[in-house]
Amino acid sequence: MLSSVAVRNFSNSAVMANAIKNVTVIGSGLMGGGIAQVAAQTGHNVVMVDVDDGVLSKAHERISTSMKRVAKKKFGDSQEEANKFVSDSLSRLTTSTDSTASVKNADLVVEAIVENIDIKQKLFKQLDEAAPEHTIFASNTSSLSIQKIAQNAKRKDRFGGLHFFNPVPVMKLLEVIRIPETSQATIDSMLAWGKAMGKVTVQCKDTPGFIVNRLLVPYYGEAYRMYERGDATTRDIDTAMKLGTGYPMGPFELSDYTGLDTNLFVIEGWAKEYPDEPLFKVSESLRKLVSEGKLGVKTGEGFYKYNK
Ligand SMILES: CC(=O)CC(=O)SCCNC(=O)CCNC(=O)[C@H](O)C(C)(C)COP(=O)(O)OP(=O)(O)OC[C@H]1O[C@@H](n2cnc3c(N)ncnc32)[C@H](O)[C@@H]1OP(=O)(O)O
Ligand SMILES: NC(=O)C1=CN([C@@H]2O[C@H](COP(=O)(O)OP(=O)(O)OC[C@H]3O[C@@H](n4cnc5c(N)ncnc54)[C@H](O)[C@@H]3O)[C@@H](O)[C@H]2O)C=CC1
């Protein structure tokens, strides 16, 4: 493991990439599970953390299924190589319900817990006291300010955003976010780690939604309003955006896939913070579906119905 002195002295990306070997992922849901999976597949030692063993074992099952899909694609002809890829990757992945103990050997901590600022701040305060000095902290938040999430941590030079996309094993993009205090060595290290994870990185300042969600959220809003005015059906809007622009999913399919509760939470948060911005106005149809427990693919119904 790299010492804190070494971290300060090295700004070379390749050297720093080697430094990130031990990764702790906190939160094992949709995103944390995917991040832990890809990290294990790319040779990192991974500790995946969640609140109880039941959640962790479900996440482990999902990871194992997804890894088999990845292995099939990678080693189509050779079942033996595919099996070895899965078992080697899984052997690098351990689980824990103790977040502070899980960071003791971490070079990098990626947080992917519930999108709640108070809970994220509290977690990072505890981790800051428990982790080695050189450990880099990152949040995978979709919509919250990294600066606010980092508020209670002392290591602000070793803090940033690492924003992945769903499904993590498939989506190639990783947004790397800096706050004013983030050191260049930390940015270099996060960029190099992104490359080691097989992702293409882009950089952005700590602004609402970073690059992708700043464009995607108003796009969702316009689609919801178009449907609410009765200008077109959800099906036709989705078909239009898929065939007219080459997007793999239309805005309603993608909303259901991401989770309508997640989308509502993001839009409500921004509507509260930026009340004069019409692009962040909360959609009534979205609010209604969420209040009925129709959260998208994960609950079997959202804008569309799904076979569970
Ligand atoms: C909210 C935020 O903060 C940020 C966000 O995440 S925004 C959302 C970003 N995500 C998107 O925009 C997703 C858009 N959708 C897509 O790209 C595609 O529809 C999709 C990849 C999800 C599914 O693709 P598809 O062609 O409809 O389905 P499918 O055939 O099942 O999968 C395509 C390939 O991906 C693989 N795949 C899909 N999901 C997978 C998973 N969870 N694990 C591993 N592999 C997976 C499949 O094995 C398949 O591989 P082959 O091409 O070799 O067959
Ligand atoms: N859903 C999406 O498409 C995307 C979500 N994100 C962001 O990633 C983060 C996680 O989102 P999802 O994976 O969708 O959520 P999720 O609900 O699927 O998973 C969150 C997990 O965190 C666990 N958790 C909550 N508090 C915890 C704590 N204190 N310690 C340990 N584990 C805890 C929960 O038990 C749950 O398993 C959020 O910040 C979200 O904004 C980012 C990109 C895309």
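All ligand and atom numbering here is 1-based and tracks the order in the structure.
- In this structure, Lys122 falls outside the shell of residues with a heavy atom less than 4.0 angstrom from ligand 2.
- A distance-only check finds no donor-acceptor pair linking the side chain of Ser64 to the backbone of His60 [under 3.5 Å].
- In terms of modelled atom types and a separation under 3.5 Å, the side chain of Asp52 and the main chain of Val55 share a donor-acceptor contact.
- Put simply, CD on Glu111 and CZ on Phe124 are 4.5 Å apart, with the number rounded to the nearest 0.5 Å.
- Protein heavy atom closest to atom 19 (O) of ligand 2, with residue, atom name and distance, is Gly29 CA, 3.3 Å.
- Annotation: atom 9 (C) of ligand 1 to nearest protein heavy atom, Asn166 O, 3.5 Å.
- Considering only non-hydrogen protein atoms, atom 22 (C) of ligand 1 sits nearest to Tyr257 OH, 3.6 Å.
- The protein non-hydrogen atom at the shortest distance from atom 15 (O) of ligand 2 is Leu30 N, 4.7 Å.
- Residues Leu108 and Ile177 are members of separate hydrophobic clusters, defined by side-chain heavy-atom contacts under 4.5 angstrom among Ile, Leu, Val, Met, Phe, Trp and Tyr.
- Distances from atom 40 (C) of ligand 1 to the protein include at least one heavy-atom value under 4.0 Å.
- Between Phe280 and Tyr274, the angle of the ring planes goes over 60°, which puts this pair in the perpendicular group of the 30/60° scheme.
- Distance remark: protein heavy atom not present below 4.0 angstrom from atom 24 (O) of ligand 1.
- Side-chain contact annotation: Ser99 with Gln126, donor-acceptor N/O pair under 3.5 Å absent.
- By the definition of a contact as any protein heavy atom under 4.0 Å away, atom 33 (C) of ligand 1 is not in contact.
- Side-chain N/O atoms of Ser143 and Glu115 include a donor and acceptor closer than 3.5 Å.
- Not a single heavy atom of Glu111 lies less than 4.0 angstrom from ligand 2.
- Looking from atom 12 (O) of ligand 1 to the surrounding protein, the closest heavy atom is Leu254 CD1, 3.5 Å.
- Neither the backbone nor the side chain of Leu144 has a heavy atom within less than 4.0 Å of ligand 2.
- Annotation for ligand 2: atoms under 4.0 Å from non-hydrogen atoms of Asn166 are 3 (O).
- Shown here, atom 8 (O) of ligand 2 is in close reach of the protein: a heavy atom of it lies under 4.0 Å off.
- Taking all heavy atoms of Ile35, Val114, Ile26 into account, the minimum distance to atom 31 (C) of ligand 2 is reached by Ile26.
- Less than 4.0 angstrom separates atom 37 (N) of ligand 1 from at least one non-hydrogen atom of the protein.
- When atom types are taken as modelled, the side chain of Asp206 and the backbone of Ile179 share no donor-acceptor pair closer than 3.5 angstrom.
- Between Phe252 and the options Tyr227, Tyr247, Tyr304, Tyr257, a ring-ring contact (aromatic ring centres under 6.0 Å, His included) holds for only Tyr227.
- Contacts of Phe165 with ligand 2, taken as heavy-atom pairs under 4.0 Å, are absent altogether.
- Ligand 1 has at least one atom lying under 4.0 Å from a heavy atom of Leu216.
- Ligand 2 has no atom lying under 4.0 Å from any heavy atom of Leu123.
- Annotation: atom 6 (N) of ligand 2 to nearest protein heavy atom, Ser142 OG, 3.0 Å.
- At distances below 3.5 Å, not a single donor-acceptor pair connects side-chain atoms of Thr201 with backbone N or O atoms of Leu191.
- Residue contacts with ligand 1: Tyr247 is excluded, as none of its non-hydrogen atoms falls under 4.0 Å.
- Residues Leu30 and Val110 do not share a hydrophobic cluster, defined by chaining ILVMFWY side chains whose heavy atoms lie under 4.5 Å apart.
- Salt bridge status for Arg225 with Glu228: absent, with no side-chain N to carboxylate O gap under 4.0 Å.
- Counting heavy atoms under 4.0 Å from ligand 2, residue Val55 touches it through the side chain alone.
- Protein non-hydrogen atoms do not reach within 4.0 Å of atom 49 (C) of ligand 1.
- A donor-acceptor pair is defined here as one N or O able to donate and one able to accept, closer than 3.5 Å; such a pair exists between the side chain of Asp256 and the backbone of Phe303.
- For the pair Ala112 and ligand 2, a heavy-atom separation below 4.0 Å is found.
- Taking atom 34 (C) of ligand 2 as the reference point, the nearest protein heavy-atom neighbour is Asp50 OD1, 3.4 Å.
- Annotation: atom 44 (C) of ligand 1 to nearest protein heavy atom, Ser66 OG, 3.1 Å.
- Of the protein's non-hydrogen atoms, the one nearest atom 4 (C) of ligand 1 is Phe165 CD2, 3.4 Å.
- Glu175 contributes a side-chain N or O that, together with a main-chain N or O of Ile211, makes up a donor-acceptor pair within less than 3.5 Å.
- Residues Leu56 and Ile26 do not share a hydrophobic cluster, clusters being chains of Ile/Leu/Val/Met/Phe/Trp/Tyr side chains in contact below 4.5 Å.
- Residue His163 places a heavy atom under 4.0 Å from ligand 1.
- Within ligand 2, the atoms closer than 4.0 Å to a non-hydrogen atom of Lys120 are 38 (C), 39 (O), numbered from 1 in the order shown.
- Atoms of ligand 2 lying under 4.0 Å from at least one heavy atom of Thr141, given by number and element, are 39 (O).
- Scanning the protein heavy atoms around atom 19 (O) of ligand 1, the nearest turns out to be Met249 CE, 3.5 Å.
- In this structure, the protein non-hydrogen atom closest to atom 27 (C) of ligand 2 is Ile113 CG2, 3.6 Å.
- Ranking protein heavy atoms by distance to atom 30 (O) of ligand 1, first place goes to Arg69 NH2, 5.0 Å.
- Between the side chain of Arg92 and the main chain of Ala40, a donor-acceptor pair closer than 3.5 Å is present.
- Atom CZ of Phe165 sits in a crowded spot, with more than 12 heavy atoms from other residues, nucleotides or ligands closer than 6.0 Å.
- Among all non-hydrogen protein atoms, the one lying nearest atom 13 (O) of ligand 2 is Met31 N, 2.8 Å.
- At least one N or O atom of Asn213 sits closer than 3.5 Å to an N or O atom of ligand 1.
- The hydrophobic clustering, which links ILVMFWY residues whose side-chain heavy atoms are closer than 4.5 Å, places Val103 and Leu93 apart.
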Are Glu268 and Lys272 close enough, and set up right, to give a salt bridge (charged side-chain N to carboxylate O under 4.0 Å, His left out), and what steps lead you there?
CA-CA 6 Å; Glu268 275 183 340; Lys272 210 165 151 197; over 6 Å; no
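- Without hydrogens or angle criteria, Asn45 side chain to Asn22 main chain gives no donor-acceptor distance under 3.5 Å.
- Close contacts of ligand 2 with Glu115, meaning ligand atoms under 4.0 Å from a residue heavy atom, involve 38 (C), 39 (O), 40 (C), 41 (O).
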Dump the intermediate steps for salt bridge (charged side-chain N to carboxylate O under 4.0 Å, His left out) on Glu81 and Lys84, then the final yes or no.
CA-CA 5 Å; Glu81 276 187 275; Lys84 186 172 177 337; over 6 Å; no
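- With ligand atoms numbered from 1 in the order given, ligand 1 contributes 1 (C) to contacts under 4.0 Å with heavy atoms of Thr258.
- For atom 35 (O) of ligand 1, the closest heavy atom belonging to the protein is Val170 CG2, 3.7 Å.
- Here is the list of ligand 2 atoms found below 4.0 Å of a heavy atom in His163: 42 (C), 43 (C).
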